[in-house]
Undergrad: 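Please read through the structure below; I'll follow up with questions.
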Amino acid sequence: MATPDIERTLAFAAEPPGTAINVGAYVGLGALWAAGAGWEDRRPAPEALERMRALLRRAARAGAWGVSAGLYYPPSAYGTTEEVIAAVSAAAPWRMPFSNHIRNEGPRVREATAESLLIAERAGLVPVIAHLKAMGPDNWCATTDTLAAIAAARARGVPAAGEVYPYLSSRTGLAVLVPPEHRSGGEAAMLAGFADPHRRPEVAAGIRRMLGERVADARGVHLESTGGTLGAYCAEHAVGAGEAVIRLLERDPQAMAVYDFGHESDLERILRQPYVAVASDGGACRDERTHPRHYGTQPRVLARYVRDRHLLTLPQAVRRMTALPAAVLGLPDRGLVAPGAVADLVLFDPDGIRDLATYERPRQYAEGVRHVLVAGSFALRDGDPTGVRAGRVLRRPPYAVSDPDAGRGADARVTARGPDCELDVTGGDRGGPATGRVLLRDPAGREFTAAGAGSLRAGRDWALLIGVGARADGRPEPFHAVVQSADPRQRGRPSVAWSVAGAPGGYGPLADGAVTVGEG
């Protein structure tokens with residue numbers, strides 16, 4: 001049996017609820033690891049790895065957008081580099097992202113970054129370093145080296161990317177301060193270790209070491225359960241930091257905290273990189289005590305780093321929040337304002353946008369956001385929620401391609417010839433509409449044609465066309481088509497796939513040499 005986490009993910013992908021926003025699911029490596037090998041720190045047997053691989057393939061077929069890993073967190077933290085490669089390589093045919101919270105963001109951040117790049121490259125996935133940072137005063141400026149490693153991977157053809165939130169504090173469980181070896185076996189085993197008088201001092205010493213890797217001192221850990229800092233708790237109860245964390249976790253093993261970890265120079269260095277997306281690392285939340293990134297991430301970048309500091313231009317920042325994440329995920333018809341794209345839009349005042357969320361009062365919406373449209377319907381109008389639920393669960397098409405370097409194809413041309421398709425499209429000059437001819441024929445023999453496409457985005461060996469065409473009766477419909485010159489799901493053969501008005505139209509291999517992706 002799969003773990004409940006895996007089953008809930010698959011059920012969620014199969015049963016779309018009504019939502020105000022669009023929702024998509026990754027498959028978590030931690031859930032895969034728990035299903036295959038459990039929560040103990042042990043080497044997985046071959047059948048356990050195959051169990052993980054089978055579940056991963058099932059999730060990919062169900063429409064998961066990528067593999068989400070947290071090698072810092074048990075149980076996947078117990079996996080070796082080679083074991084993780086063996087597990088996640090099952091997703092290689094889907095050309096999806098491997099988004100990883102790396103194994104260490106402090107004194108071993110360089111080694112952990114290199115490992116994450118290696119895993120994705122050897123597994124045939126797209127490496128994405130989750131919430132890039134350098135944690136702890138002793139490691140500030142390490143981003144010079146980690147970004148250089150990513151740049152080196154990109155120079156040798158690996159489409160590596162990253163994401164960042166614009167804060168110098170993180171939010172996660174207090175249990176991350178407990179060394180992984182003392183969390184082996186899960187929560188119950190961790191608490192049993194606390195209760196052992198012979199092990200308790202060892203655990204406390206390990207917690208002090210882990211604390212020193214993340215923050216300057218205990219005053220940099222803000223406890224959500226008390227509203228104060230770990231330093232204040234230590235002073236009030238006359239205990240050291242290690243013993244204090246143990247007591248707090250004995251009271252609530254799921255306790256959360258905010259950690260002051262970073263330096264502004266690292267954040268700005270990361271934000272300058274064109275392959276780094278802006279992301280909050282925060283999901284839907286109703287907690288009064290949480291991280292302000294849930295409510296302030298994008299407005300903070302637009303106000304602080306675009307308008308006030310001029311670190312980014314407005315087009316650069318908007319791309320990091322829209323087209324770049326869509327390209328990383330492989331979202332075919334979003335991330336651009338173009339004919340044929342789904343109208344998921346945010347209208348904001350660039351001079352008035354401002355984040356209001358703070359660490360003391362995180363649940364505050366930003367100023368300056370006028371309207372939000374989801375699939376062309378107003379979810380927010382004049383700053384007020386409308387109650388309209390036009391969002392849906394988005395499933396990744398089997399032919400999607402993750403490629404952070406996919407750009408507007410001003411200099412690109414794509415051709416494809418097959419019994420059910422005829423494409424010859426050249427990218428528009430200076431970002432204008434693409435031109436050419438599109439003829440698609442579905443399995444029922446119905447034809448769909450377009451004179452050009454709204455947009456052409458091209459990668460190294462693939463291209464994406466989106467636009468508006470017409471069926472035989474002249475009815476206009478939006479469409480997208482993905483052309484690959486070497487599709488791993490078709491054993492390296494060329495392929496073409498398309499969708500009309502959101503409904504699958506066709507997907508299959510073409511004859512060798514039937515596809516070209518190159519300069520216009």
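None of these values were measured; they are calculated from a predicted model. Along the sequence shown, residues are numbered consecutively beginning with 1.
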Undergrad: Within a 6.0 Å radius of atom CZ on Arg61, are there more than 12 heavy atoms belonging to other residues, nucleotides or ligands?
TA: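 Buried by this count: over 12 neighbours within 6.0 Å.
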Undergrad: Should the heavy atoms of other residues, nucleotides or ligands under 6.0 Å from CZ of Arg381 be counted, would the total exceed 12?
TA: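 Check fails, neighbour count at 12 or below.
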Undergrad: Classify the ring geometry of Phe378 against His371: parallel below 30°, tilted from 30° to 60°, perpendicular beyond 60°.
TA: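 Phe378 vs His371 ring planes: perpendicular.
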Undergrad: Do Asp442 and Val500 have side-chain heavy atoms sitting under 4.5 Å apart?
TA: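 The answer is no, as the side chains (C-beta and beyond) never meet within the 4.5 Å cut-off.
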Undergrad: Compare all side-chain heavy atoms of Ile150 with those of Val276 and state whether any distance is below 4.5 angstrom.
TA: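 No, every pair of side-chain atoms sits at 4.5 Å or beyond.
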Undergrad: For Asp461, is there an ion pair with Arg95 - N to carboxylate O distance below 4.0 angstrom?
TA: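 Yes, charged N to carboxylate O under 4.0 Å.
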Undergrad: Side chains of Arg363 and Tyr295: do they bring a donor and an acceptor to under 3.5 Å?
TA: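 Checked: Arg363/Tyr295 side chains pair up, N/O donor to acceptor below 3.5 Å.
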Undergrad: May I ask you to check whether Ser116 and Arg103 show a side-chain donor-acceptor distance below 3.5 Å?
TA: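 No - no donor-acceptor pair under 3.5 Å links their side chains.
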Undergrad: If you measure from CD on Glu163 to CD1 on Ile270, what distance do you get to the nearest 0.5 Å?
TA: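 Glu163 atom CD to Ile270 atom CD1 measures 10.0 Å (nearest 0.5 Å).
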Undergrad: Asn22 side chain to Arg392 main-chain N or O, any donor-acceptor pair under 3.5 Å?
TA: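 Yes; judged by distance alone, with no hydrogens or angles, the pair exists.
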Undergrad: What I'd like to find out is whether the side chain of Thr297 reaches to under 4.5 Å of the side chain of Val278, using heavy atoms alone.
TA: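 A side-chain contact under 4.5 Å exists here.
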Undergrad: Taking it one step at a time, do Val515 and Gln484 satisfy side-chain contact (heavy atoms from CB on, under 4.5 Å)?
TA: CA-CA 7 Å; Val515 167; Gln484 300 185 60; over 6 Å; no
Undergrad: Sort out for me which residue in Trp462, Tyr507, Trp94 forms a ring-ring contact (aromatic ring centres under 6.0 Å, His included) with Tyr399.
TA: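 Exactly one option meets the ring-ring contact (aromatic ring centres under 6.0 Å, His included) with Tyr399, and it is Tyr507.
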Undergrad: Can you list the steps and then say if Met256 with Leu174 is a side-chain contact (heavy atoms from CB on, under 4.5 Å)?
TA: CA-CA 5 Å; Met256 301 295 291; Leu174 193 62; over 6 Å; no
Undergrad: How many angstroms lie between CZ in Arg307 and CD1 in Ile353, if you round to the nearest 0.5 Å?
TA: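 Interatomic distance, Arg307 CZ to Ile353 CD1, rounded to 0.5 Å: 8.0 Å.
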Undergrad: Between the side chains of Asp260 and Ser169, does any donor sit under 3.5 Å from an acceptor?
TA: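 Short answer, yes.
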Undergrad: Measure the spacing between CD1 of Ile129 and CG of Leu117 and express it to the nearest 0.5 Å.
TA: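 Spacing of CD1 (Ile129) from CG (Leu117) equals 4.5 Å.
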Undergrad: Taking NZ, NE, NH1 and NH2 as the nitrogens, is one of them in Asp405 or Arg460 under 4.0 Å from a carboxylate oxygen of the other?
TA: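 Looking at Asp405 and Arg460, the cut-off is met.
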Undergrad: Tell me whether Asp473 is salt-bridged to Arg471, with the criterion being a basic N under 4.0 Å from an acidic carboxylate O.
TA: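 Not counted as a salt bridge, because no side-chain N and carboxylate O are separated by less than 4.0 Å.
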Undergrad: Are any non-hydrogen side-chain atoms of Trp65 and Arg396 less than 4.5 angstrom apart?
TA: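 Side-chain contact under 4.5 Å: yes.
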Undergrad: Can you confirm if the aromatic rings of His291 and Tyr359 lie within a centre distance of less than 6.0 Å?
TA: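 That pair passes the under 6.0 Å test.
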Undergrad: Taking side chain as C-beta onward, heavy atoms only, is Leu394 less than 4.5 Å from Arg334?
TA: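 Yes; the side chains approach each other to less than 4.5 Å.
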Undergrad: Say you draw a straight line from OG of Ser68 to CG of Leu32; how long is it, rounded to the nearest 0.5 Å?
TA: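 One finds 10.0 Å between OG of Ser68 and CG of Leu32.
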Undergrad: If you round to the nearest 0.5 Å, how far is CD of Gln364 from OG1 of Thr358?
TA: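 If we round to the nearest 0.5 Å, Thr358:OG1 and Gln364:CD are 5.5 Å apart.
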Undergrad: Just checking, is any N or O donor in the side chain of Tyr73 or Thr172 under 3.5 Å from an acceptor N or O on the other one?
TA: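 Note: Tyr73 and Thr172 side chains meet the donor-acceptor criterion.
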Undergrad: Should the heavy atoms of other residues, nucleotides or ligands under 6.0 Å from CZ of Arg309 be counted, would the total exceed 12?
TA: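 Count over threshold, so yes.
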Undergrad: More than 12 non-hydrogen atoms from neighbouring residues, nucleotides or ligands closer than 6.0 Å to CD1 on Ile21, yes or no?
TA: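 Not more than 12 within 6.0 Å, no.
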Undergrad: Is any side-chain heavy atom of Arg413 closer than 4.5 Å to one of Val425?
TA: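 In short, these two side chains do not touch, never coming nearer than 4.5 Å.
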Undergrad: Any side-chain heavy atom of Arg417 within less than 4.5 Å of one from Leu510?
TA: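 The answer is no, as the side chains (C-beta and beyond) never meet within the 4.5 Å cut-off.
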Undergrad: Is a salt bridge present between Asp349 and Arg370, judged by a nitrogen-to-oxygen distance below 4.0 Å?
TA: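 Yes, charged N to carboxylate O under 4.0 Å.
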Undergrad: Is the closest side-chain heavy-atom distance between Asp281 and Arg293 below 4.5 Å?
TA: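 Side chain of Asp281 against side chain of Arg293, heavy atoms only: contact under 4.5 Å found.
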